[in-house]
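Note sheet for the following structure.
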Amino acid sequence: QVQLVESGGGLVQPGGSLRLSCVASGATFTLDYYTIGWFRQAPGKEREGVSCISSSDGIAYYADSVKGRFTISRDNAKNTVYLQMNSLKPEDTAVYYCATGPQPINPNWGLGYGMDYWGKGTLVTVSS
């Protein structure tokens, strides 16, 4: 079993920044062999994939809505993935979830395919 714990959410003004963290743990889990990504769900909306990063080649994928503003990174030694969010907009308000699954990245990762384990989420609110 794998546990994911997100942190770093909070209230931020439009144009501001936040960095989310997600720590993965498990008896035999090592992030080296897993894809890991971030998803979000806003009130009244469906969950959407925000960003995902491969363990094999480090290639990152982003939703069009966050390209150029968000950056995903991973520290395999710490079993941790980060999401640096800059130039935040009110429409970025959502609960952000971390999820992981085995390599390779599923082509439909943005819909949650290939992600076997999920965290409980951290709330990001962008408001003045």
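Heavy-atom basis, side chains included; hydrogens, waters and symmetry copies ignored.
With rounding to the nearest 0.5 Å, the separation of CD1 in I72 from CD1 in I36 is 7.5 Å. With rounding to the nearest 0.5 angstrom, the OG atom of S51 is 11.0 Å from the CZ atom of R40. Residue M85 holds its CE atom at 11.0 Å from OG1 of T71, rounded to the nearest 0.5 Å. Expressed to the nearest 0.5 Å, how far CD1 of I59 lies from OG of S54 amounts to 6.5 Å. Atom-to-atom distance recorded for R69:CZ and S87:OG is 7.0 Å, nearest 0.5 angstrom. In this structure, CG in L88 is found 8.5 Å from OG1 in T93, a value given to the nearest 0.5 Å.
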| query | Does the salt bridge (Lys or Arg N to Asp or Glu O under 4.0 Å) test come out yes or no for D92 and K89, once each step is laid out? | reply | CA-CA 5 Å; D92 294 318; K89 305 175 181 180; over 6 Å; no
| said: Please evaluate residues D116 and V2 with respect to the criterion side chain to side chain contact (heavy atoms under 4.5 Å, CB included), reporting the C-alpha separation (whole Å), side-chain torsions for both, the decisive distance (0.1 Å), and the verdict. | reply: CA-CA 9 Å; D116 294 339; V2 177; over 6 Å; no
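If you look at F70 and W38, their ring centroids are not closer than 6.0 Å. Between Y117 and F29, the distance from one ring center to the other does not fall under 6.0 angstrom.
There is no path of hydrophobic side-chain contacts, each under 4.5 Å, that joins V95 to L11. The cluster map of Ile, Leu, Val, Met, Phe, Trp and Tyr, joined by side-chain heavy atoms under 4.5 Å apart, puts V66 and V12 in the same cluster. At a threshold of 4.5 Å between side-chain heavy atoms, the hydrophobic network of Ile, Leu, Val, Met, Phe, Trp and Tyr places Y97 and L18 in two separate groups. Hydrophobic clustering keeps Y96 apart from V23 (ILVMFWY residues linked when any side-chain heavy atoms are closer than 4.5 Å, directly or through intermediates).
A donor-acceptor pair under 3.5 Å is formed between the side chain of E6 and the backbone N or O of C98. Between the R74 side chain and the L31 main chain, a donor and an acceptor come within less than 3.5 Å of each other.
Donor-acceptor pairing under 3.5 Å is recorded for the side chains of Q103 and T35. Judged by distance alone, the side chains of D75 and T80 never bring a donor and an acceptor atom under 3.5 Å apart. Judged by distance alone, the side chains of R19 and Y82 never bring a donor and an acceptor atom under 3.5 Å apart.
Here the closest heavy-atom approach between residue F39 and residue G110 is recorded as CE2-O, 3.8 Å. Among all heavy-atom pairs drawn from P14 and S128, the shortest one is CD-N, 3.7 Å. Here the shortest heavy-atom pairing between G114 and P102 reads O-CD, 3.8 Å.
Listed by chain and number, the residues in a ring pair (Phe, Tyr, Trp, His ring centres under 6.0 Å) with Y62 amount to none (sequence neighbours excluded).
A 4.5 Å side-chain heavy-atom check between S17 and Q84 finds at least one atom pair inside the cut-off. Side-chain contact check for M115 versus Y34: every heavy-atom pair is 4.5 Å or farther apart. Residues I53 and I105 form no side-chain contact, since every pair of their non-hydrogen atoms from C-beta on lies 4.5 Å or further apart.
The aromatic rings of W109 and Y61 lie tilted to each other, with the angle between the two planes from 30° to 60°.
The side chain to side chain contact (heavy atoms under 4.5 Å, CB included) with C22 is formed by just one residue from the set L83, V5, L4; it is L4.
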